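Both ligands and their constituent atoms are indexed starting at 1 by order of listing. Only this structure's heavy atoms are used, side chains among them; waters, hydrogens and symmetry mates stay out. Since this is a predicted model, take the numbers as computed values, not measurements.
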Amino acid sequence: MDKIVSLSKRRGFVFPSSEIYGGLGSSYDYGHYGVLLKNNVKDRWWRAMLQERDDILALDSAIIQHPEAWRASGHVASFTDPLVDCRTCKLRFRADKLEDSQCGRKPSKHPGETPECDLTEARDFNLLFETTIGPVREEGSIVYLRPETAQGIFLNFRHYLQFGRKKPPFGIAQIGKSFRNEITTGNFIFRTREFEQMEMEFFVPPPKAQPWFEHWLEQRMNWYEGLGIRADHLRLRAHEPDELSHYSSATSDVEYLFPIGWQELEGIANRGDYDLTAHAQRSGQKLEYVDTASGERYIPHVIEPAAGVDRAMLAFLVDAYDEDEIEGERRTVLRLHPLLAPVKVAVLPLVRKDGQPELAREVYERLRDRVQAEYDESGAIGRRYRRQDEIGTPWGVTIDHRSLEDRTVTLRDRDSLEQVRIAIDELADDIEGRLREPWRSPKLGG
Ligand code: GAP
């Protein structure tokens, strides 16, 4: 994990937030390549939800909702984690995650493991972030920053029945920021207080809930594998009954083998009719599906794949991180799936003279029309390649003296290091063709 954190900072993926003021625990800012990578992750998710199917619609709901929404959803009463204080070191820990925490005085030990540790009884701590709305702070002005994007979907369910002309089974998907006042954060962007979620609520006739639950387990595993995550680092784990969230009758987590062990990447839950029923009761509005032809009416059940953008990005970075040796020199390389790579192609003139930069710029400007490209003429060619390898650029184009004679360039592959000569006029089509090819992590060998 330390290597990922240091590469992320060095190459402008992720920086600790507010660093000039000493940082704010567990807040991170995404730099240029971080934004590009994150956008690609979200883009592939939208694509899988919207473009490759015709039963899901998109939503972007408000972060601050009516506070009644969070009372109805159960978050005000039940969105808690068990908290313990240590009277000796004055730190707070999640009682159910002591084995993931470090003792405040002896970081090699867990809280409660040394004779000096003096932990209180566990008590419930609500994770909702509160703020007030309007210029006067008073009881009625309290609102919450959403702790999940899901509720915005339930609040808009009726609109989708009307304008979307959908009948179950159908889904509503959204991506957006969520906020939780987590007791313990850490492990870089794995658990933070402000993060982005990609959630989809799939409304189904109640008797069809189980087959759709299984459908989404399979779809979501395939999504991660299709984007190059090694299958032996990915697994599904069903929640034990005592682990289930207050709204769930069944949940399975997609887990990834992070450097900190197997951890949740995404939760896929059967929420039953919990949310629509709760909002119908509290709002007094009918939240049900009525079949106008048959008169049949029912409250759909909901299958929810809920993923974290930041956590997915961390898994993609971890899975891609590699070190090898080229001509006796150590190289760090991100073997990202080309579709996720922040930059698809780098254009590099071999030398900064003899008309090479001008031709390279022309090639770059043609390429950037079609794919995210980067132009770099500064420093030795080997160093420029190392830099592109570290940000995971799958292809490098070198312009040399021959390019000026016959308008061909060298195309270098990040993983195989194979170099081929190719006509400038064919370059963009060739790269787009390569982007469409199936891809398998070179870390799997063979
Ligand atoms: N609507 C259901 C829900 O929010 P969740 O398991 O609490 O379920 C879904 O969250 C996903 O959101 C998680 O699998 C994880 O990827 C991400 N996530 C949750 N809390 C997070 C945090 N504090 N920091 C980063 N990502 C988080």
- Shortest non-hydrogen separation from Ala150 to Glu304 and the atoms involved: CB-OE2, 3.4 Å

- Can you sort out which atoms of ligand 1 are near Glu148, meaning under 4.0 Å from one of its heavy atoms?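 Ligand 1 atoms under the 4.0 Å threshold to Glu148: 1 (N), 2 (C), 3 (C), 4 (O).
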
- Which of the atoms in ligand 1, numbered in the order shown and given with their element, are less than 4.0 Å from a heavy-atom of Gly267? 14 (O)

Which protein heavy atom lies closest to [atom], and at what distance to 0.1 Å?
atom                    : answer
atom 17 (C) of ligand 1 : Gly308 CA, 3.7 Å
atom 24 (N) of ligand 1 : Thr192 N, 3.0 Å
atom 11 (C) of ligand 1 : Ala306 O, 3.6 Å
atom 25 (C) of ligand 1 : Phe190 O, 3.2 Å
atom 8 (O) of ligand 1  : Tyr247 OH, 3.8 Å
atom 14 (O) of ligand 1 : Glu264 OE2, 2.5 Å
atom 3 (C) of ligand 1  : Glu199 OE2, 3.5 Å

- Query: Non-hydrogen atoms of Leu265 versus ligand 1: any pair closer than 4.0 Å?
  - Reply: yes

- atom 5 (P) of ligand 1: of Arg180, Glu266, Glu201, the nearest heavy atom sits on Arg180

- Option whose closest heavy atom lies nearest to atom 10 (O) of ligand 1, chosen from Gln197, Arg271, Glu304: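 Shortest heavy-atom distance from atom 10 (O) of ligand 1: Gln197.
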
- Query: Under the side-chain hydrogen bond (donor to acceptor under 3.5 Å, both in side chains) criterion, do Thr251 and Asp253 qualify, and how do the steps go?
  - Reply: CA-CA 7 Å; Thr251 296; Asp253 286 344; over 6 Å; no

Residue pair [X] / [Y], side-chain donor-acceptor N/O under 3.5 Å:
X      : Y      : answer
Tyr33  : Glu374 : yes
Asp310 : Tyr28  : no
Ser178 : Gln197 : yes

- Query: Based purely on interatomic distance, does Phe195 place a nitrogen or oxygen under 3.5 Å from a nitrogen or oxygen of ligand 1?
  - Reply: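 Looking only at distances, the answer is no, because the N/O contact criterion of under 3.5 Å is not met.
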
- Item | Test item: Phe179 and Thr131 side chains (from C-beta on) under 4.5 Å apart, heavy atoms |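 They are not in contact (no side-chain heavy atoms under 4.5 Å apart), so the answer is no.
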
- Message: Within 45 degrees of the ring normal and closer than 6.0 Å to the centroid, is that where the cationic atom of Arg412 sits relative to Tyr385?
- Response: yes

